[in-house]
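Inspection log for the structure reproduced underneath, given as structure tokens.
All values reported here derive from a predicted model rather than from experimental measurement.
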Amino acid sequence: MKTIGLIGGMSWESTAEYYRLLNEGVRERLGGLHSAKCVLYSVDFAEIERLQVAGLWEDAGQVLADAARSLRAAGADLLLICTNTMHKVAGQVEAAVDVPLLHLADATASAVRTAGLRRVGLLGTAFTMEQDFYRDRVAGHGLEVLVPGADDRALVHRVIYEELCLGIIREESRAAYGEVIGRLVAAGAEGVILGCTEIELLVSAEHSPVPVFPTTRLHAAAAVTEAFAHGR
């Protein structure tokens, strides 16, 4: 089993889900008392969020690149960035180490294609929905990506940062997300990517009329598969 390096803390609420899912995945594969071999570098999210808002992405990328180097020194054989938004700096992280970075958008797009869908809605932070670093990566797998309108994007972003990242789960926010999903479906979405790791704390398959693609679960499952892959 390879050692999985986790760049987490953005937020720690979703990073805790990563840790649980990785260990459950290994236990399902091996049984008994087996658990995942992993190391975690958890950053201070307040520092990262400040850099995001200021548009200082290179500085934020340096923080994550330093984390990647620490994880490599601790024995990580592959890396995960445990957040969709910070895949904007995936290139900096990849350049910092000599082990592979398992890109979250690739794992998600693969699941969408396996499901036989071609047009998907995308929910996430404003950065993820409005900038091209994530949408283009998904579209590169032959998929069409739809994003909500401006008001819906603002709502989705606000709930992530003001509620979900703080562990706050509100039924009214769940209902509001359901309405956003409904509008994406009306626009032609055949499925919806839950493109922020915290969204899975609020929305699941039962809250959507079309399939949802929970990126945390998909990323963790891909990491477990990679941890047991030979010759890579």
Side-chain angles (χ1 to χ4, degrees), residues 4-29 35-36 38-43 45 48-49 64 67 71 76 78-90 93 100-115 120-125 127-129 133-135 137-138 141 145 156-157 159-161 163-169 173-174 177 180-181 191-208 210-227:
I4 302 168
L6 306 171
I7 303 175
M10 301 166 284
S11 67
W12 69 259
E13 297 282 347
S14 61
T15 302
E17 282 293 291
Y18 267 94
Y19 184 71
R20 180 180 64 82
L21 291 165
L22 289 171
N23 283 292
E24 288 180 351
V26 170
R27 184 176 60 192
E28 289 171 5
R29 180 180 288 256
S35 55
C38 59
V39 288
L40 167 65
Y41 191 111
S42 189
V43 304
F45 190 30
I48 298 298
E49 190 270 345
L64 268 60
L71 290 169
L78 66 143
L79 297 180
L80 306 182
I81 301 174
C82 300
T83 157
N84 285 268
T85 297
M86 291 310 295
H87 277 73
K88 181 175 175 67
V89 300
V93 174
L101 173 70
L102 191 62
H103 201 290
L104 191 154
D106 292 342
T108 301
S110 177
V112 174
R113 288 185 58 87
T114 297
V120 287
L122 173 63
L123 300 182
T125 66
F127 310 112
T128 299
M129 292 185 289
F133 69 93
Y134 193 91
R135 291 184 285 111
R137 185 87 177 207
V138 173
H141 290 263
V145 181
V156 170
H157 182 88
V159 169
I160 290 169
Y161 279 90
E163 298 176 20
L164 302 180
C165 286
L166 301 175
I168 299 170
I169 307 297
S173 295
R174 180 175 285 127
Y177 267 50
V180 173
I181 290 172
V192 175
I193 294 173
L194 306 183
C196 175
T197 49
E198 283 82 17
I199 292 177
E200 293 164 60
L201 305 175
L202 183 69
V203 174
S204 59
E206 65 187 283
H207 305 118
S208 172
V210 295
V212 296
F213 296 89
T215 57
T216 301
R217 290 182 174 275
L218 295 170
H219 204 198
V224 170
T225 297
E226 183 63 25

I want to check something: taking the side chain as every heavy atom from C-beta on, are Val180 and Val156 in contact at a cut-off of under 4.5 Å? yes
Shortest non-hydrogen contact from Asn23 toward Ser35: OD1-CB, 3.1 Å
Answer yes or no: is there a donor N or O on one side and an acceptor on the other, between the side chain of Glu200 and the main chain of Thr216, under 3.5 Å? yes
Taking Ile160 as the fixed residue, which of Ser173, Ser11, Cys165 is the one that meets the side-chain contact (heavy atoms from CB on, under 4.5 Å) rule? Cys165
In terms of heavy-atom contacts, Ala223 and Leu78 come closest through O-CD1, 4.4 Å
Could you tell me if the side chain of Leu102 sits less than 4.5 Å from the side chain of Ile4, heavy atoms only? no
Would you indicate whether the side-chain heavy atoms of Met10 and Leu64 approach each other to under 4.5 Å? yes
Going by the rule side chain to side chain donor-acceptor pair (under 3.5 Å), which residues pair with Arg137 if we only count those two or more places apart in sequence or in a different chain? Asp106
Close side-chain approach of Lys88 and Phe127, heavy atoms under 4.5 Å: no
Roughly how far, to the nearest 0.5 Å, is CD1 of Ile7 from CG of Leu79? 5.5 Å
Euclidean distance, Trp12 CH2 relative to Leu40 CG, rounded to 0.5 Å: 12.5 Å
Test side-chain hydrogen bond (donor to acceptor under 3.5 Å, both in side chains), reference Thr215, set Thr197, Asn84, Thr83, Thr108, output is Asn84
Residue list, ring pair (Phe, Tyr, Trp, His ring centres under 6.0 Å) with Phe213, at least two apart or on another chain: none
Apply side-chain contact (heavy atoms from CB on, under 4.5 Å) to the pair Val138 and Leu122, showing each step before the final yes or no. CA-CA 10 Å; Val138 173; Leu122 173 63; over 6 Å; no
Just verifying a value: how many Å separate Ile181 CD1 and Leu123 CG, rounded to the nearest 0.5 Å? 5.5 Å
Side-chain touch Val39/Tyr41, heavy atoms, less than 4.5 angstrom: no
Between the main-chain N or O of Gly9 and the side-chain N or O of Thr15, is there a donor-acceptor pair closer than 3.5 Å? yes
Which residues pass the salt bridge (charged side-chain N to carboxylate O under 4.0 Å, His left out) test with Arg20, sequence neighbours left out? Glu17, Glu24
Are any non-hydrogen side-chain atoms of Tyr134 and Leu104 less than 4.5 angstrom apart? yes
Residues that Thr125 engages under side chain to side chain donor-acceptor pair (under 3.5 Å), provided they are two or more places apart: Thr85, Thr128
Does some side-chain heavy atom of Ile169 sit less than 4.5 Å from a side-chain heavy atom of Leu164? yes
Would a distance-only check, ignoring hydrogens and angles, find a side-chain to backbone donor-acceptor pair under 3.5 Å from Glu198 to Glu13? no
Determine whether Leu6 and Leu22 make a side-chain contact, defined as any pair of heavy atoms from C-beta on separated by less than 4.5 Å. yes
Separation of Ile48 CD1 from Met86 CE (nearest 0.5 Å): 5.0 Å
Heavy-atom closest pair (Val212 atom, Ser208 atom, distance to 0.1 Å) is CG1-CB, 3.5 Å
Please report the closest heavy-atom contact between Gly8 and Cys82, naming both atoms and the distance. CA-CB, 4.2 Å
Can you name the closest pair of heavy atoms from Thr225 and Arg29 and give their distance? CA-NH2, 3.8 Å
Suppose we screen for side chain to side chain donor-acceptor pair (under 3.5 Å). Which residues come up paired with Tyr19, at least two apart in sequence or across chains? none
Okay, side chain of Arg135, backbone of Val145: is any donor-acceptor separation there less than 3.5 Å? no
Can you name the closest pair of heavy atoms from His219 and Tyr18 and give their distance? ND1-OH, 2.7 Å
Side-chain donor or acceptor of His207 paired with backbone N/O of Ser204 under 3.5 Å: yes
In Å and rounded to the nearest 0.5 Å, what is the CG to OG distance from Leu21 to Ser14? 10.5 Å
Partners passing salt bridge (charged side-chain N to carboxylate O under 4.0 Å, His left out) against Arg217 (at least two apart in sequence or in another chain): none
